[in-house]
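Reminder, nothing fancy here: chain letters follow the sequence lines and each chain counts from 1. Only heavy atoms go into these numbers, but all of them, side chains included; no hydrogens, no water, no symmetry mates.
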There are 2 protein chains.
Amino acid sequence: MSPNDPIRRQRRKEARPSELAAAALSLFIEKGFAATRLDEVAARAGVSKGTLYLYFDSKEALFKAVIEEGVVPLFDEMEAKLETLKDDPERLLREILLGWWEKVGMTDLGGISKLIIAEARNFPEVASYHHEAVIVRWMALLGRAIDIGIERGVFRPLDVPTLRQLVFFPLLMLSVWKNSMAGCVAGCPAPGLVSETYFDTYFDMIFRGLLVAPREESPR
Amino acid sequence: MSPNDPIRRQRRKEARPSELAAAALSLFIEKGFAATRLDEVAARAGVSKGTLYLYFDSKEALFKAVIEEGVVPLFDEMEAKLETLKDDPERLLREILLGWWEKVGMTDLGGISKLIIAEARNFPEVASYHHEAVIVRWMALLGRAIDIGIERGVFRPLDVPTLRQLVFFPLLMLSVWKNSMAGCVAGCPAPGLVSETYFDTYFDMIFRGLLVAPREESPR
DNA sequence: TAAATTACTGACCGGTTAGTCAGTAATTCG
DNA sequence: CGAATTACTGACTAACCGGTCAGTAATTTA
């Protein structure tokens, strides 16, 4: 926009794909997949639509890249935590769940969950990929953490596939909810903001149910 | 289709709106709002697209009508239950939650939740209407049930706005999940089918956390 | 500096679909 | 039964958008 440099265009082969993916992520979350126009994605990334097609074969390929770039890299970190905290199952589970909230749930990445839920029927291949690459892996991680607790006699021996859903769904739903309703509805705060009370009560409920010998109620 | 009655068309002014709304609901759930074509809605309701526009001003008006017809009538029934079971808070809460699952979660109506989550950003007015007409009312009902339990000293005095979410989200998420993933992903059963185990473990976890004096563990 | 390479552009095309409306046929009225 | 009414139809249009490609300009090479 500066007067002496009116229409200088840039060549930045390396940066384009991730910039386009980031622009696509934010628009997909805002408007959903079908309602997002590729012209708009390109504009937000500061290029033209033609450039987008240099790097992605189709709208669906872009969608898949968004998932790939955003979520998959996070797992190594989470799985490392499992090893270091084997001996304190309660703390392990707590950290895994809080970790998901901080790295995914409260960030833009949480929007991917909403996106998948919204578009799974129209793009079964993408949903299937996401299921394999993200959900299965995450649920396995949660399940192992709970298993460890049961093996050591710290958690009650309930049905693990059910437990990991019961434990995770309140967080997942909160994230999905905030990514879809924020701004539409009075009284729905921004995705980042969840009260301390929610987590206190959440862990209280979870561990009352999970632990073989619940600790005494915390003084109030 | 009978040979002597090849193209008899019918005039049924009263039945059309609800038939169209039902057709729209099923298609919206299958394909999402944006991907659903009005020709298809009309065809499924056995009329032409022109007829659809006799009864609904726009695609968005149709969307709103779907919500109105589907969900709102259910509340009277649920609120009646509150009165009749005031004296047994645990049973009251259990029946309310199971009632929601049977009347909404496991039926097509559960798809509306998914729909709203998917489209809230694109149709803030519709989302807002749904929030007022459905969510606020339902959460108030849940909250009152929990309040009763706390007042009578049966439930622990935790934060009620948080509790009602913690208690409801596992069911809501399950419904949303099944309405979006069923058929796309191996191992995701149809919306109606949830194992006994899920509910047993679910209520076990909830009431372990809620009750002041949990009953003894059920024998296994 | 001239030629070759290639990242990038944006006008364009073809298919799709929300919304319209002049016409048709079922029903009601006189 | 004929006329008037109205529920219903479906061909049409205007707009929109995913995807293409001939051309442009930045960069590298000789």
Side-chain angles (χ1 to χ4, degrees), chain A residues 1-2 4-25 27-28 30-66 115 119 121-123 125-126, chain B residues 1-2 4-25 27-28 30-66 115 119 121-123 125-126:
Chain A
M1 281 291 181
S2 67
N4 59 346
D5 193 4
I7 40 151
R8 189 156 197 88
R9 68 193 207 192
Q10 302 188 340
R11 293 158 60 104
R12 296 185 304 115
K13 188 179 161 70
E14 285 73 24
R16 300 300 190 202
S18 60
E19 288 173 7
L20 283 161
L25 172 59
L27 280 165
F28 285 161
E30 274 171 42
K31 309 159 97 82
F33 181 77
T36 294
R37 281 167 293 117
L38 293 184
D39 277 310
E40 213 174 340
V41 172
R44 186 169 290 193
V47 297
S48 68
K49 190 166 62 171
T51 301
L52 196 159
Y53 275 88
L54 290 179
Y55 297 107
F56 302 97
D57 289 343
S58 66
K59 199 181 184 184
E60 194 165 340
L62 179 62
F63 192 113
K64 197 167 167 179
V66 164
L115 202 53
E119 307 287 354
R121 282 295 219 319
N122 294 94
F123 302 92
E125 281 170 52
V126 177
Chain B
M1 279 290 180
S2 67
N4 58 346
D5 191 4
I7 41 151
R8 189 159 197 88
R9 67 192 207 193
Q10 301 188 340
R11 292 158 60 101
R12 298 186 301 117
K13 189 179 162 68
E14 284 73 25
R16 299 301 189 201
S18 60
E19 288 175 7
L20 284 161
L25 172 60
L27 281 165
F28 285 161
E30 274 172 43
K31 309 161 95 83
F33 180 78
T36 295
R37 281 167 293 117
L38 292 184
D39 275 312
E40 214 174 337
V41 172
R44 187 168 290 193
V47 297
S48 69
K49 191 167 62 171
T51 301
L52 197 160
Y53 275 89
L54 289 178
Y55 297 106
F56 301 98
D57 289 343
S58 66
K59 200 180 183 186
E60 191 167 342
L62 179 62
F63 192 112
K64 195 167 167 179
V66 164
L115 203 53
E119 306 289 354
R121 282 295 219 319
N122 293 94
F123 302 92
E125 280 170 52
V126 177

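Applying the side chain to side chain donor-acceptor pair (under 3.5 Å) test to A:E125 and every residue at least two apart in sequence or in another chain returns nothing. Residues passing the side chain to side chain donor-acceptor pair (under 3.5 Å) test with A:R44, sequence neighbours excluded: A:S26, A:E30.
Applying the salt bridge (Lys or Arg N to Asp or Glu O under 4.0 Å) test to residues at least two apart or on different chains, the pairs with a partner in residues 48-57 of chain B are B:D39-B:K49.
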* To do: Report the C-alpha distance between B:V126 and B:E119 in whole Å, list the side-chain angles of each, state the deciding distance to 0.1 Å, and finish with yes or no for side chain to side chain contact (heavy atoms under 4.5 Å, CB included).
  => CA-CA 9 Å; B:V126 177; B:E119 306 289 354; over 6 Å; no

* Evaluate the side chain to side chain contact (heavy atoms under 4.5 Å, CB included) criterion for residues A:Y53 and A:L38: first the C-alpha distance (whole Å), next the side-chain angles of each, then the deciding distance (0.1 Å), finally the verdict. => CA-CA 10 Å; A:Y53 275 88; A:L38 293 184; 3.2 Å; yes

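The CG-P distance, from B:L52 to C:dA18, rounds to 10 Å in whole Å. One interatomic measurement links the two molecules: CG of B:L54 to C1' of D:dT6, which rounds to 10 Å at whole-angstrom precision. B:F56 places its CZ atom 12 Å from the P atom of D:dC8, with the value rounded to the nearest Å.
Between B:Y55 and D:dC8 there is a side-chain N or O to OP1 or OP2 distance below 4.0 Å.
Residues from residues 11-20 of chain A lying near DNA chain C, meaning a heavy-atom separation below 4.0 Å, are A:R11, A:R12, A:K13, A:R16 in numerical order.
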Show me the side-chain donor-acceptor pairs of residues 11-19 of chain B shorter than 3.5 Å, one per line, residues at least two apart or across chains.
residue	atom	partner	partner atom	Å
B:R12	NE	B:Q10	OE1	3.1
B:R12	NH1	B:E19	OE2	3.1
B:R12	NH2	B:E19	OE1	3.2
B:R12	NH2	B:E19	OE2	3.1
B:R16	NH2	B:Q10	O	2.9
B:S18	OG	B:A15	O	3.3

* Structure fact -> B/S/- along nucleotides 16-22 of chain D (protein heavy atoms under 4.0 Å) is -SBBB--

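Taking every heavy atom of both residues into account, B:G32 and A:N122 meet most closely at N-OD1, 4.2 Å.
Using the six-membered ring where Trp is involved, B:F33 and B:F28 have ring planes that are tilted, between 30° and 60° apart.
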